[in-house]
Amino acid sequence: MGRLFCVIPCYNEQEVLPETSKRLKEKFESLIAAGKIDADSRILLVNDGSKDNTFSMIKKLHEENPLFQGINLSKNMGHQNALLAGLMTAKDLCDMAISMDADLQDDINAIDAMVDKFNDGADIVYGVRSKRATDTFFKKYTAEGFYKLINSMGAHTVYNHADYRLMSRRALMALAEFGEVNLFLRGIVPMIGLNQDVVYYERAERFAGESKYPLKKMLSFAVEGITSLSTKPIKMITSLAMFILIATVLVFIYSLVRYFTGQTNPGWTTIVLSVWFIGGLTMLSIGIIGEYIGKIYLETKNRPRFIIESYIGDEEDMEVSEYSYKR
Ligand code: UDP
Ligand code: MG
């Protein structure tokens, strides 16, 4: 049992909001009736600078039923930031928060299982797509390629999990300790630790309206994911430099052989060797500078160096954080 907040970022979602709010309301009522969540649970709609009627619809929903609450961002801040605004508002008010999209692609019926897992002690429950039957061929492969790419680049995310997840209050408290401006929630949440679990669901088609993530935004999201979580691309420069320096040795041997067998024009050996050697050296230097920039980059993120799950002993005396992570 606990107070549930469902956080939904909304950007130009007037076509789907009536249906989403109706279905969520029914879901909340049944969960409350079943005694799984508190009666004062809330649906928190974050208006991310929509240009249509989304905001006035949220206001009207709230007037009709206090179950619905709203946050209005000053302008379009993007999905991840809208989500964070909602989660950080919820963290002081709820026992658990579920984030989901407005377009009903995330199966609402998975909420039951998420809440059950929370009641069994989970802090983070990921909604993972079991199939992509409804996605177009193109979306399926671009999306799966996306997960593979960012994982191979050192950003560890949960495969086939978007931003449909439950987080306990203490997981939200821990999330609040990450001071990142470049926000890629899917990569950060696994870093929190605590008790993590998974719920499978089938991804539906967007109920109405158009995707707010065209290919261009998706690509920049992938780049954001990689560059905001890992410094692996920088490290690749160093590896490449090593490779070229090794190749230089081979070129060196090859050139000498040609030189001594008289198979060259005057000057050829010097030029070929200089090109490879100077090239490798330049790249190595860039790589070394990059390693330091990578360190500076991670330092400026000001990430928490540890997150304490619990204390054994006289807790009151031991609490080092201003927050209580107790559940
Ligand atoms: N969204 C947002 N701000 C944006 C873009 C999207 O708040 O700038 C919201 C959008 O309203 C939806 C969610 O993010 O609730 C996911 O967007 P969408 O369904 O269009 O993405 P897709 O499912 O196509 O990847
Ligand atoms: Mg969608």
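Both ligands and their constituent atoms are indexed starting at 1 by order of listing. For this chain, numbers begin at 1 and follow the sequence in order.
The closest side-chain donor-acceptor pair between K51 and N76, if any, does not fall under 3.5 angstrom. Side-chain contact of E13 with N47: a donor-acceptor pair under 3.5 Å is absent, judged by distance alone.
Scanning the protein for heavy atoms near atom 8 (O) of ligand 1, the closest one is N76 ND2, 3.2 Å. Protein heavy atom at the shortest distance from atom 19 (O) of ligand 1 is D103 OD2, 2.6 Å. Remark: minimum distance from atom 3 (N) of ligand 1 to any protein heavy atom is reached at D48 OD2, 2.6 Å. Atom 17 (O) of ligand 1 has its closest protein heavy atom at Y213 CD1, 3.8 Å. Ranking the protein heavy atoms by distance from atom 6 (C) of ligand 1 puts K212 CB, 3.6 Å first. Of the protein's heavy atoms, R206 NH2, 3.4 Å lies nearest to atom 18 (P) of ligand 1. Protein heavy atom in closest approach to atom 24 (O) of ligand 1: S211 OG, 2.5 Å. The protein atom (non-hydrogen) at minimum distance from atom 9 (C) of ligand 1 is P9 O, 3.8 Å.
Of all the heavy atoms of V46, none lies under 4.0 Å from any atom of ligand 1, so neither backbone nor side chain is involved. Contact annotation for Q105 and ligand 1: only side-chain heavy atoms (C-beta onward) come within less than 4.0 Å of the ligand. With a heavy-atom cut-off of 4.0 Å, C10 touches ligand 1 through its backbone alone. Under 4.0 angstrom from ligand 1, the non-hydrogen atoms of H79 come from both its backbone and its side chain.
A salt bridge between D197 and K117 is present, with a side-chain N of the basic residue lying under 4.0 Å from a carboxylate O of the acidic one.
In this structure, the separation between OH on Y259 and OG1 on T270 is 8.0 Å, given to the nearest 0.5 Å. In this structure, CG on D95 lies 9.5 Å from OG on S168, to the nearest 0.5 angstrom. Summarising the geometry, atom CG belonging to L17 is positioned 10.5 Å from atom CG belonging to N12; distances are rounded to the nearest 0.5 Å.
Taking every non-hydrogen atom of D101 and a distance limit under 4.0 Å, the qualifying atoms of ligand 1 come out as 13 (C), 15 (O), 16 (C). Close approach of ligand 1 to G78 is summarised as follows: ligand atoms under 4.0 Å from at least one heavy atom of the residue are 3 (N), 8 (O). Proximity to E13 (heavy-atom distance under 4.0 Å) selects the following atoms of ligand 1: 10 (C), 11 (O), 12 (C), 15 (O).
Listed by first and then second residue, the side chain to side chain donor-acceptor pair (under 3.5 Å) pairs involving residues 236-245 are T238-E291 (not counting sequence neighbours).
Atom CZ of F178 has more than 12 heavy atoms from other residues, nucleotides or ligands within 6.0 Å.
Taking the six-membered ring for Trp, Y164 and Y201 have ring centres closer than 6.0 Å. Taking the six-membered ring wherever Trp is involved, the centroid distance between the rings of Y126 and H161 falls below 6.0 Å.
When atom types are taken as modelled, the side chain of D103 and the backbone of Q105 share a donor-acceptor pair closer than 3.5 angstrom.
Inclusion of A82 in the set of residues having an N or O under 3.5 Å from an N or O of ligand 1 is not warranted.
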### Task
Decide side chain to side chain contact (heavy atoms under 4.5 Å, CB included) for R258 and W268; before the verdict, give the C-alpha distance in whole Å, the side-chain angles of both, and the deciding distance to 0.1 Å.
CA-CA 10 Å; R258 292 199 64 153; W268 179 85; 4.0 Å; yes
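Closest heavy-atom contact between V16 and A102: CG2-O, 3.4 Å.
The side-chain hydrogen bond (donor to acceptor under 3.5 Å, both in side chains) test with N109 is passed by exactly one of K27, R23, E202: K27.
Excluding waters, the count of protein N/O/S atoms less than 2.8 Å from the Mg ion (ligand 2) comes to 2.
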